[in-house]
A.B. asks: 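Could you have a look at this structure, given as structure tokens, before my questions?
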Amino acid sequence: MSPRDEETVAEGDPVLVRLRGLTKHFDVSPPLLTRLIEGRSRQVLKAVDGLDLDIARGRTTALVGESGCGKSTVARLLVTLYRPTAGDLVFEGTDIGRLTDRRALASARRRMQMIFQDPFASLNPRWRVGRIIAEPLRAHGLLDDPAAIRRRVAELLEHVGLRAADAERFPHEFSGGQRQRISIARGLASSPHFLVCDEPTSALDVSVQAQILNLLRDLQRDLGLTYLIITHDLAVVRFIADTIGVMYLGRLCEVAPADTLFARPRHPYTRLLMETVPDLRHPDRDRRPMAGEVPSPLDPPSGCAFHTRCPLANDRCRRERPALRQDGPGQVACHAAEEGRLSPEGGDAVKGMRP
Amino acid sequence: MTESLLSVRDLIVEFPTRRGALRVVDGVSLDIVPGEVLGVVGESGAGKSQTGAAIIGLLEPPGRIVDGTVHLEGERLDTLSGDQWRRVRGRRIGAVFQDPLTSLNPLYTVGRQLTETIRTHLDMTEKQARARALELLGEVGIPAAADRLDAWPHQFSGGMRQRVVIALALCANPRLIIADEPTTALDVSIQAQITALLKRLCREHGTAVMLITHDMGVIAETADRVAVMYAGRLVETGPVDDLVNRPRHPYTEGLMGCIPTMHARPVRLDQIEGAMPAPRAVPPGCAFHPRCPLAVERCTSERPPLVARPPLATACWVRSPDGDAA
Amino acid sequence: MTRPRARPTTGEPVVPASSDLAAPRRTGVTGALVRALDSDVFYSFRRSPVTLVAALVAVLLIGASLAAPLVAPTDPFALETLDLMAAFTPPMWAEGGESVFPLGTDDQGRDLLSAILYGMRISLAVGAASVVFAMLLGVGLGLLAGYAGGWVDALIMRVADVQLSFPAILIALLVDGVARGLLPRDLHHDMAIYVIIFAIGVSGWVQYARTVRGSTMVEKNREYVMAAIIMGLHPGLIALRHVLPNVMGPVLVIATIHLAVAVITEATLSFLGVGLPPTEPSLGTLIRIGNDFLFSGEWWITVFPGLALVLLVLSVNLLGDWLRDALNPKLR
């Protein structure tokens with residue numbers, strides 16, 4: 001089958017991105033000389049360790065987790081900033097993790113873009129906004145005519161709620177929220193199908209965060225975009241995501257439709273995470289702060305990585321790594337869930353949280 | 001009402017620049033009673049950190065207090081000299097900042113930093129100070145404190161470091177702790193541990209806490225009273241429950257509306273259009289009027305005073321108009 | 001005790017940057033000029049009297065030396081105007097001085113003021129050319145090392161380390177020695193100025209390379225560079241278009257200070273006799289020539305070129321210091 005055919009087949013497929021056993025290891029060994037002198041061994045950071053996930057076309061999938069859980073690495077793998085160590089990364093029918101052909105890679109890259117966390121670092125400070133937004137158009141050779149580029153830039157700026165005249169200004173003349181809009185306009189320039197947003201609002205103030213989240217939603221409705229949102233903020237996830245994956249130390253512990261996950265979280269980590277998040281409306285609900293801290297990803301615990309903090313952990317959890325198993329409408333990787341050792345109500349943790 | 005521990009009146013902080021002074025705190029008045037947690041919220045640049053820094057005399061130069069007073073237990077602080085400050089800071093007011101890594105000296109062990117701080121403020125022998133340090137570490141929830149007293153800051157995780165910083169702030173049993181974004185650099189699961197710790201210490205020691213943060217969720221869970229700041233000014237204060245659930249000021253109302261929660265999934269979030277003005281470009285009248293859906297003629301020219309109508313005190317011509325009478 | 005800090009990743013700086021949003025936006029040359037005169041850099045310039053004096057001296061010296069053919073009383077290279085009878089005339093205010101030779105004459109009857117102006121011209125030309133050469137080499141290699149990383153980086157930086165363990169003057173001497181050995185005598189004479197530019201340039205690139213490599217490694221992990229990678233831009237293009245303009249700030253500072261160093265190095269080489277030939281006398285050559293007569297009482301032949309050198313280097317150095325402070329936001 002030629003790549004072209006595969007793509008056509010993929011058009012009808014509701015899955016836009018299919019990850020199978022996606023793995024990324026970083027070699028964080030000390031330099032060779034240090035290793036020899038101090039007799040230290042090689043060290044490998046398993047940032048992402050065998051991830052299976054389907055991202056549905058036209059929907060919003062979110063990955064949540066604490067720092068060091070590997071969610072940002074997944075984002076960077078998806079937009080080909082990193083190459084996977086192992087596993088499949090199939091985007092619109094092509095395994096882009098293994099592409100070596102520059103043209104094919106460029107074609108895939110045109111159809112996906114990334115929105116970054118820090119709006120103060122994601123725009124080249126020495127370029128005018130118009131040039132920044134036009135860069136993908138030029139890079140992919142989509143438009144050549146300066147007048148046409150200007151028109152497209154103006155259109156993009158207005159689409160994200162800025163004025164066409166803003167193209168003449170420099171990034172430092174804008175506030176954080178406006179810069180994030182510029183970043184989104186650049187992301188949309190090459191008409192991508194897929195936007196990867198890495199903590200798109202965590203550097204913004206709440207009133208501005210609401211503006212950007214609403215904008216992302218409007219753009220999805222108007223342009224039929226597919227989003228992967230990476231964030232640590234469960235409230236943001238609740239607002240924007242259709243499907244949620246919870247990550248812990250490079251692995252997925254639970255994947256479920258948003259409503260299911262919030263109404264009936266299965267994995268003990270998900271439950272504890274939800275209990276822990278401070279909430280504006282229900283400050284007095286019975287919260288038990290999660291004990292302990294995230295272990296070092298350099299030396300993850302054996303078996304289930306969460307067993308060191310899990311109230312339900314037993315010998316099997318310490319020994320055997322749980323696989324992601326279908327569980328109702330979602331999937332969960334937990335021996336306790338499989339053996340029915342979970343408290344069934346699924347969240348005395350989240351009392352008063354049902355919609 | 002209880003005698004207030006800290007009393008700030010009409011505080012004005014300016015940063016002189018060559019284009020004229022930037023007024024980053026503009027007429028803030030607030031009180032903290034013993035044992036209370038006062039949450040100060042606002043978006044970045046609202047002046048909340050500068051207010052905290054002014055209170056403990058740690059304004060970054062060239063920033064300075066140009067008007068207003070700060071009293072701690074009746075003693076005026078804003079006119080203290082550098083030497084006099086050293087007796088107050090650390091002993092009577094403790095401080096906890098956002099980044100626990102930069103708050104600890106990487107070249108000294110945790111135990112040494114604690115004992116030194118203790119002996120600076122309290123008349124103790126090395127041995128007594130060490131015992132107290134051990135006790136403090138245990139109190140802030142560091143497991144196996146005796147083994148970790150001689151560890152270096154880099155051997156602690158972020159959450160544990162923040163606990164050490166809190167222990168440092170507690171060394172001399174201060175009456176007030178100023179905590180500026182103490183949980184912002186931490187993961188959510190650790191955040192909850194730290195806020196719970198602050199609350200417990202407050203309860204057990206009667207220490208008051210001024211909790212400065214941008215995170216309304218943290219405030220809602222931790223604070224007794226809240227002060228909302230906007231463009232260097234106080235726009236509303238009151239008990240946390242009233243302020244969160246029944247705010248009067250349109251800004252507070254908008255702020256509460258635009259915070260997503262885990263409990264509901266609206267089609268759209270409420271949003272406040274525009275952004276907070278920079279200190280240089282604060283409009284005349286009410287600073288919020290260009291973004292306010294309720295603004296009337298008067299808001300554009302006259303600055304509304306903070307009018308107390310229990311349970312809240314609000315600075316708004318529309319929602320709290322009895323300013324006329326005052 | 002630590003100072004309170006603003007949340008680093010968030011929001012507006014407490015004190016906004018120099019640009020004033022309310023000011024009308026101007027474009028074109030006048031606009032650029034207005035912006036430049038209104039900028040923080042210019043402001044700090046006006047506020048520092050030492051810098052003002054240094055700038056004045058530097059502009060005066062550089063201007064006079066560039067315009068040497070116009071302002072110098074005589075042309076020290078025109079052999080027909082030389083009058084050996086006028087040799088060793090002291091400065092005009094000393095006994096026996098003549099007003100045609102304000103600073104006196106040298107052993108060949110050359111007007112010293114003219115010789116200094118022309119000499120400074122050569123010193124500056126050699127200095128500036130070496131700085132440009134070192135800058136191109138250093139910035140290029142630093143950018144390559146920082147952006148490519150891996151063994152390329154290791155190779156370039158190890159060479160830099162090795163070179164840094166030798167004094168610059170030694171390297172310049174070595175380069176000059178090699179050139180003398182390789183080139184025929186006549187050719188070397190003609191090529192002397194290029195050899196010395198190359199020698200000084202090669203001895204000075206390391207500093208540029210280190211600085212640029214450092215800032216490149218910071219910039220290449222910034223999100224705007226990642227955005228460009230995702231667009232599929234060629235790495236070379238990203239390095240040149242995105243990274244290079246953002247790492248040039250410190251380079252400017254180094255270049256200014258390096259100019260002073262280069263002028264001194266050239267003077268030293270010329271003083272040691274391995275620099276420029278007496279037919280193209282730089283300040284260093286003049287000092288060397290004058291040195292021979294220092295003990296026979298003709299002090300002015302060496303003192304005035306020396307003073308000129310000191311003034312030039314000092315003023316350029318002070319300007320460099322100011323520029324470093326003005327561009328460093330931490331010190332502002």
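Lettering follows sequence order; numbering is per chain, from 1.
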A.B. asks: Tell me, for B:Asp241 versus chain A, whether the close heavy atoms (under 4.5 Å) come from the side chain, the backbone, both or neither.
C.D. replies: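 Neither part.
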A.B. asks: For chain A, find which of B:Thr261, B:Thr222, B:Asp270 contributes the most heavy-atom pairs closer than 4.5 angstrom.
C.D. replies: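 Max contact count across the listed options: B:Thr261.
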A.B. asks: Looking at A:Arg238 and A:Asp259, does any basic side-chain N land under 4.0 Å from a carboxylate oxygen?
C.D. replies: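 A salt bridge links A:Arg238 with A:Asp259.
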A.B. asks: State plainly whether the residues B:Lys199 and B:Glu221 are in salt-bridge range, i.e. N to O under 4.0 Å.
C.D. replies: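 So B:Lys199 does not pair with B:Glu221 through a salt bridge.
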A.B. asks: Within the structure provided, determine whether A:Gln43 and A:Leu298 are in side-chain contact (heavy-atom separation under 4.5 Å).
C.D. replies: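 Yes, close enough: below the 4.5 Å cut-off.
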A.B. asks: Do any pairs count as a salt bridge (charged side-chain N to carboxylate O under 4.0 Å, His left out) and have a residue in residues 219-236 of chain A, sequence neighbours left out, and if so which ones?
C.D. replies: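 Every pair satisfying salt bridge (charged side-chain N to carboxylate O under 4.0 Å, His left out) with a residue in residues 219-236 of chain A: A:Asp218-A:Arg221.
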A.B. asks: Considering only heavy atoms, which portion of A:Gln178 lies under 4.5 Å from any heavy atom of chain B: side chain, backbone, both, or neither?
C.D. replies: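 Nothing of A:Gln178, per the 4.5 Å heavy-atom cut-off to chain B.
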A.B. asks: Quick one: of B:Ile272, B:Val267, B:Asp215, B:Leu186, who has the most non-hydrogen atom pairs under 4.5 Å with chain A?
C.D. replies: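 Greatest number of close heavy-atom pairs with chain A: B:Val267.
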A.B. asks: Angle class for the A:Phe170/A:His172 ring planes (parallel below 30°, perpendicular above 60°, tilted otherwise)?
C.D. replies: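 Parallel.
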A.B. asks: According to the salt bridge (charged side-chain N to carboxylate O under 4.0 Å, His left out) rule, which pairs have a member within residues 244-257 of chain A, sequence neighbours left out?
C.D. replies: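 Sorted pair list: A:Asp49-A:Arg251.
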A.B. asks: Rounded to the nearest 0.5 Å, what separation is found between the CZ atom of B:Phe97 and the CD atom of B:Glu181?
C.D. replies: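 If I round to the nearest 0.5 Å, the distance is 12.0 Å.
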A.B. asks: Measuring from atom CD of B:Gln193 to atom CZ of B:Arg163, what distance do you get when rounded to the nearest 0.5 angstrom?
C.D. replies: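 With rounding to 0.5 Å, CD (B:Gln193) is 5.0 Å from CZ (B:Arg163).
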A.B. asks: Distance from B:Gln271 atom CD to A:Leu215 atom CG, nearest 0.5 Å?
C.D. replies: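 Here the rounded value is 9.0 Å.
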A.B. asks: Give, for atom CD of A:Glu199 and atom CZ of A:Phe116, the distance between the pair rounded to the nearest 0.5 Å.
C.D. replies: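 A:Glu199 atom CD to A:Phe116 atom CZ measures 13.5 Å (nearest 0.5 Å).
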A.B. asks: Is any residue of residues 286-295 of chain B within less than 4.5 Å of chain A by heavy atoms, and which ones?
C.D. replies: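 Heavy-atom contacts from residues 286-295 of chain B to chain A are B:Arg291.
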A.B. asks: As a quick check of understanding, evaluate salt bridge (Lys or Arg N to Asp or Glu O under 4.0 Å) for A:Glu275 and A:Arg271, giving each step before the final call.
C.D. replies: CA-CA 6 Å; A:Glu275 254 181 63; A:Arg271 292 181 176 188; over 6 Å; no
A.B. asks: Using 4.0 Å as the upper bound for N to carboxylate O, is an ion pair formed by A:Arg163 and A:Glu158?
C.D. replies: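 Salt bridge flag = no for A:Arg163 with A:Glu158.
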A.B. asks: For the candidates A:Ala258, A:Ser67, A:Ser296, which exhibits the highest count of non-hydrogen atom pairs separated by less than 4.5 Å from chain B?
C.D. replies: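 Most heavy-atom pairs within the cutoff with chain B belong to A:Ser67.
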A.B. asks: Heavy atom to heavy atom, less than 4.5 Å: which residues from residues 228-235 of chain B reach chain A?
C.D. replies: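 Within residues 228-235 of chain B, no residue comes under 4.5 Å of chain A, counting heavy atoms only.
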A.B. asks: Using heavy-atom distances under 4.5 Å, tell me whether A:Leu234 contacts chain B through its side chain, its backbone, both, or neither.
C.D. replies: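 For A:Leu234, heavy atoms of backbone and side chain both lie under 4.5 Å from chain B.
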